[in-house]
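This is a predicted model, so every value here is computed, not measured.
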Amino acid sequence: MKNIYQESLVFHKKNKGKLSVVSRVPVRTRRDLSLAYTPGVAEASREIGKNPKKAYDYTLKSRTVAVVSDGSAILGLGNLGATAALPVMEGKSILFKEFGGVDAFPICLDTQDAEEIIETVKRIAPAFGGINLEDISAPRCFEIERRLQRELDIPVMHDDQHGTAVVVLAALINALKVRKTRVQNARVLINGAGAAGRAVLRSSAGSSASSIFR
């Protein structure tokens with residue numbers, strides 16, 4: 001069996017990435033074009049202009065997530081920058097599509113300034129139904145997530161915190177069931193106090209696990 005890293009490199013080079021944009025509607029006739037674009041599309045814009053919430057009815061917004069990274073904490077590789085984050089963000093995007101039926105787009109930002117990241121995400125938010133922050137280093141990731149959750153009207157999640165915490169909490173719950181142990185009597189060691197470790201600690205100490213084993 002080939003080394004998985006070398007095999008993956010060949011895979012990525014062969015496919016030139018893992019994503020493509022595919023039209024959901026046929027454009028084969030002049031009427032098709034008139035419905036999808038001009039002049040028909042103007043009516044959808046007018047309706048959304050009167051009520052921005054109608055974007056969820058007339059556009060891709062209801063099923064679209066932005067996967068946003070600055071490349072400052074890529075996997076376990078460290079700060080490799082925005083361009084190096086692209087293969088990972090593509091990979092996360094295909095997970096959304098394959099396992100959740102959600103269209104996701106990799107957004108790799110060439111800045112590691114927290115304020116610039118916040119402002120950029122706020123300005124692209126109208127096109128998306130949710131924001132998935134990914135591979136942004138601590139402690140900036142905490143403030144970026146807090147601010148965006150407060151200032152946007154769409155869901156915002158930092159996956160390195162909450163995605164990891166959900167999986168680890170599920171494993172903890174199952175382990176406690178197997179051992180027939182109450183969570184109050186368990187000792188849990190968390191090795192590392194980064195974004196993932198802190199979120200795991202908060203979730204494990206929170207009401208979700210405690211209520212299950214009372």
Between E90 and G17, what is the shortest heavy-atom contact and its length? OE1-CA, 3.3 Å
Please report the interatomic distance CZ(R46) to NZ(K54), rounded to the nearest 0.5 Å. 12.5 Å
Just how far is it from atom CD1 of I118 to atom CZ of R146, taken to the nearest 0.5 Å? 10.0 Å
Between I94 and F11, is there shared hydrophobic-cluster membership here, with clusters defined by ILVMFWY side-chain heavy atoms closer than 4.5 Å? no
What's in the same ILVMFWY side-chain cluster as Y58, cut-off under 4.5 Å, chained through other members? I48
Apart from V22 itself, residues in the same hydrophobic cluster as defined by side-chain heavy atoms under 4.5 Å: none
What is the minimum heavy-atom distance between K61 and A125, and which atoms define it? NZ-O, 3.3 Å
Which atom names give the shortest non-hydrogen contact between P126 and R123, and what distance separates them? CD-O, 3.5 Å
Is it true that L169 and L176 fall in one hydrophobic cluster, defined by side-chain heavy atoms closer than 4.5 Å? yes
Out of curiosity, D110 CG to T120 OG1, how far, rounded to the nearest 0.5 Å? 10.5 Å
Over all atoms of both residues, closest heavy-atom pair of I107 and A66: CG1-CB, 4.1 Å
Least distance between heavy atoms, S93 atom then V67 atom: OG-CG2, 3.7 Å
Count I, L, V, M, F, W, Y as connected when their side-chain heavy atoms are under 4.5 Å apart, and connections chain through other members. Are V88 and F105 then in the same cluster? no
Do you know the tightest heavy-atom contact between M89 and D135? CE-OD2, 3.5 Å
Do E119 and K122 come within less than 4.5 Å of each other through their side chains, counting heavy atoms only? yes
Within 6.0 Å of OH in Y56, more than 12 heavy atoms from elsewhere: yes
Indicate if L77 and L86 have the same hydrophobic cluster label, given that clusters are the connected sets of ILVMFWY residues with side-chain heavy-atom separations under 4.5 angstrom. no
Is R24 atom CZ crowded by more than 12 heavy atoms from other residues, nucleotides or ligands, each under 6.0 Å away? no
Please list, chain by chain and in numerical order, all residues satisfying salt bridge (Lys or Arg N to Asp or Glu O under 4.0 Å) with E98, sequence neighbours excluded. none
E134 CD to I74 CD1 distance, which is reported to the nearest 0.5 Å: 10.5 Å
Return the set of residues passing salt bridge (Lys or Arg N to Asp or Glu O under 4.0 Å) with D103 (not counting sequence neighbours), or none when no residue passes. R63, K97
Any side-chain heavy-atom pair of N132 and F96 under 4.5 Å: yes
If you measure from CD on E7 to CD1 on I4, what distance do you get to the nearest 0.5 Å? 5.0 Å
Check whether any side-chain heavy atom of T64 lies under 4.5 Å from a side-chain heavy atom of V102, and answer yes or no. no
Should L152 and V121 count as side-chain neighbours, where that means a heavy-atom distance under 4.5 Å? yes
Test item: I131 and V65 side chains (from C-beta on) under 4.5 Å apart, heavy atoms: no
Report yes or no: does N185 contribute a side-chain atom to a donor-acceptor pair with the main-chain N or O of T181 at less than 3.5 Å? no
Heavy-atom check, side chain of D32 versus side chain of T29, under 4.5 Å: yes
Nearest-0.5 Å distance that lies between atom CG in L133 and atom CD in Q149: 8.5 Å
All pairs passing side chain to side chain donor-acceptor pair (under 3.5 Å) where residues 67-82 contributes a residue, at least two apart: D70-S72, D70-R140, S72-S137, S72-R140, N79-Q112
Does K18 have any side-chain hydrogen bond (donor to acceptor under 3.5 Å, both in side chains) partners at least two apart in sequence or in another chain, and if so, which? H12
Side-chain heavy atoms nearer than 4.5 Å, only ILVMFWY residues, links allowed to pass through others: does that put I154 and I117 together? yes
